[in-house]
Amino acid sequence: MSSTQDNRFQAIIAHAKEYGFVFPSSEIYDGLSAVYDYGPYGSELKKNIRDYWWKSMTQLRENIVGIDAAIFMHPTTWKASGHVDNFNDPMIDNKDSKKRYRVDHLIEGFADKLKAEGNDKEANDLLAEMESLLEKEDYASLKKLIDDHKIVCSISETCNWTDIRQFNLMFSTQIGSVAGEAETIYLRPETAQGIFVNFLNVQKTSRMKIPFGIAQTGKAFRNEIVARQFIFRMREFEQMEMQFFIRPGTQKEWYEYWKEERMKWHLSLGISQEKYQFHNHTKLAHYADAALDIEYEFPIGFKEVEGIHSRTDYDLTQHQKYSNKKLTYFDTEINQHYIPYVIETSIGLDRMFLLILSHSYNEETITKEDGTKDSRIVLNIPEKLAPVKLAVLPLIKKDGLPEIARILINECKPHFKCFYEEKDTIGKRYRRQDAIGTPYCVTIDHQTKENNTVTIRYRDTMKQERISISEINNKLKASVIL
RNA sequence: GCGGAAGUAGCUCAUCUGGCAGAGCAUCAGUUUCCCAAACUGAAGGCAGCGGGUUCAAGUCCCGUCUUCCGCUCCA
């Protein structure tokens, strides 16, 4: 990371706080690590991004419907999904090198070495014992196993290890008000399972035929070992997911379809294509037969914003197995029962928010009419997503100009977010609107009283034009509404 | 979790080898202002991250602690 990029990232974080987009959580108590709150403009922007996604996925597509599943789910859900077994990794640290290892990776690495030396039997015995101890969560014996085999850290070459500790991906809490009778449940680490467990409810009640999709936005929670980089990686975050149910055997073509569709969505916001790239996963998760990320070039480098996963029939099969409920679909076209395959599109709302900020934040040097230089900080937010669409500014706060401004505001505010201000000079007010990304400013002056025209000023170009006050509402409705 | 750096007004920073905590910008009120961070007047804003120690005296020196940033470890 270059220092220029680093400075730009710091500047964006500072700007986000300064102008009410994102605050550190519980800041008066020194904050809570990797948790953030969205302020007045931030919550508007976030909502607009969510709405833009929701509309493009559900309203504009007849074969996708939405749901809003609870964050709490039956604990067996996470057994079935694999989260309990696959993401509770025991970890161990080497005290000399300070390196941290996953215990299974460490032992497997040692077993590989034994095999390379021809000690296949010893290696297999070791792996078998490890599996059995992992199953029993017997960390003391696992530690002993590492000590007995004199497994060393590849950096420090020592076996000076800490005790084994467990890393829990999922947050847990208790359901039930009576102490002692409470049952441990988890805060969902992904929203997808709420879709899978409701698959038949949704399919039947909305009479959907395959292929069809179920969309959902909502909070998810993950314990991260390192949670940093502002809102890029948070413990509490919001996902926008869509699971698309398809006939087995057609997953390749639908995977390609959604890869293209999702990229089109990103580009529809007017963000340049060069900032995006696909990244194919070579190492696949336990549920996927193909996976890729849509990455964006953040100030901290190319990072994942969205994932497209071909999840096979893994999830529904698992839920069928654990629930003993049939989760098959009857395909009338081919007269067959089957468990559908699934293509998942999963985008992080908070990451998309950071993407928009990264794209929008610009420090410009401008040349004024008299030739002198000036600078401004402007958020070139795609206007459909901007927190405030229109600022109405009486040039001075008397002579009836505020009253005219109020009439215009009252006409516009049922349709889109408006902002009124009569304080300070017009230049200062323009700059304040630039800083929060308001695409249009309308100024009421004395000429307005004579011929009902106003000045409309454009954020990106700073150009102004004179138009009839009666055109404002329709002009903006045509361009700022999602 | 480990290593390094940093915490003073909303923001950016001063306060020299320990001696009454300051400036610019921003905020608020008023006057003035007809198009790109204007001027004037006034106001508000702080337990110097927090806790302890040394000292006549600590923002400043020492110890602890918390938080943030940078680099590692993990990442479906």
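Numbers restart at 1 for each chain; the letters A, B, ... are given by sequence-line order, proteins then strands. Here the structure is a predicted model, which means the values were calculated and not measured.
Here the P atom of nucleotide rC36(B) and the CG atom of Leu393(A) are 13 Å apart, to the nearest Å. Counting to the nearest Å, the C1' atom of rC35(B) and the NZ atom of Lys463(A) are 15 Å from each other. If you take OH of Tyr36(A) and P of rU68(B), they are 7 Å apart, rounded to a whole angstrom. The NE2 atom of His15(A) sits 14 Å away from the C1' atom of rA26(B) (whole-angstrom rounding). In this structure, Tyr19(A) places its OH atom 14 Å from P of rA37(B), rounding to the nearest Å. The distance between atom CZ of Phe237(A) and atom C1' of rC75(B), rounded to the nearest whole Å, is 11 Å. Going from atom CZ of Arg459(A) over to atom P of rA37(B) covers 19 Å, rounded to whole Å.
The base of rC35(B) lies outside donor-acceptor range of the side chain of Arg457(A), with no N or O pair under 3.5 Å.
Residues forming a ring pair (Phe, Tyr, Trp, His ring centres under 6.0 Å) with Tyr19(A) (at least two apart in sequence, or on another chain): His15(A). Checked against side chain to side chain donor-acceptor pair (under 3.5 Å), His74(A) has the following partners two or more places apart in sequence or in another chain: Thr76(A).
Among Glu344(A), Glu256(A), Glu306(A), the one residue that satisfies the salt bridge (charged side-chain N to carboxylate O under 4.0 Å, His left out) test with Arg262(A) is Glu306(A). Among Arg457(A), Arg459(A), Lys428(A), the single residue meeting the salt bridge (charged side-chain N to carboxylate O under 4.0 Å, His left out) criterion with Asp434(A) is Arg457(A).
rU55(B) and rU60(B) have their P atoms separated by 16 Å, given to the nearest Å. Between rG7(B) and rC16(B), the distance separating the two P atoms is 14 Å to the nearest Å. The separation of rA26(B) from rA38(B), taken at their P atoms, amounts to 7 Å, rounded to a whole angstrom. Between the C1' atoms of rU54(B) and rU41(B), the separation comes to 48 Å (whole Å). Straight-line distance between the C1' atoms of rA9(B) and rG4(B): roughly 29 Å, to the nearest whole Å. Rounded to whole Å, the C1' atom of rU12(B) lies 15 Å from the corresponding atom of rA6(B). rC36(B) and rC66(B): their C1' atoms are spaced 44 Å apart (whole Å). Distance check on atom P: rA5(B) versus rC75(B) gives 29 Å, rounded to whole Å.
The side chain of Gln10(A) lies closest to rC70(B), out of rC35(B), rU33(B), rC70(B).
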Let me have the donor-acceptor pairs involving side chains of residues 213-220 of chain A, under 3.5 Å, with sequence neighbours excluded, atom names and distances please.
unit_1, atom_1, unit_2, atom_2, d
Gln216(A), OE1, Ala69(A), N, 2.6
Gln216(A), NE2, Thr191(A), O, 3.1
Lys219(A), NZ, Glu236(A), OE2, 2.6

For a quick test of your reading: what N or O donor-acceptor pairs under 3.5 Å do the side chains of residues 393-403 of chain A make, sequence neighbours left out?
unit_1, atom_1, unit_2, atom_2, d
Asp399(A), OD2, His446(A), NE2, 2.8

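Of all the heavy atoms in Lys303(A) and Ile300(A), the pair that sits closest is CE-O, 3.7 Å.
For His309(A) and Tyr458(A), each mapped to the nucleotide of RNA chain B holding its nearest heavy atom, the one lying further toward the 5' end belongs to Tyr458(A). For Lys398(A) and Met462(A), each mapped to the nucleotide of RNA chain B holding its nearest heavy atom, the one lying further toward the 5' end belongs to Lys398(A).
Rounding to the nearest 0.5 Å places CZ of Arg50(A) at 12.5 Å from CD1 of Ile347(A).
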Find every protein N or O atom lying less than 3.5 Å from an N or O atom of nucleotides 5-12 of chain B, and list the pairs.
unit_1, atom_1, unit_2, atom_2, d
rC11(B), O4', Glu18(A), OE1, 3.4

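Contact annotation for Gln447(A): no contact, since no heavy-atom pair falls under 4.0 Å across all strands.
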Start with the C-alpha gap between Asp289(A) and Arg311(A), add the side-chain angles, then the distance that decides, and say whether salt bridge (charged side-chain N to carboxylate O under 4.0 Å, His left out) holds. CA-CA 6 Å; Asp289(A) 72 355; Arg311(A) 291 184 80 131; over 6 Å; no

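Contact check of residues 422-442 of chain A against RNA chain B (heavy atom, cut-off under 4.0 Å) returns Lys423(A), Thr425(A), Ile426(A), Gly427(A), Lys428(A), Tyr430(A), Arg431(A), Arg432(A).
Taking a 6.0 Å sphere around NZ of Lys259(A), one finds it holds more than 12 heavy atoms contributed by other residues, nucleotides or ligands.
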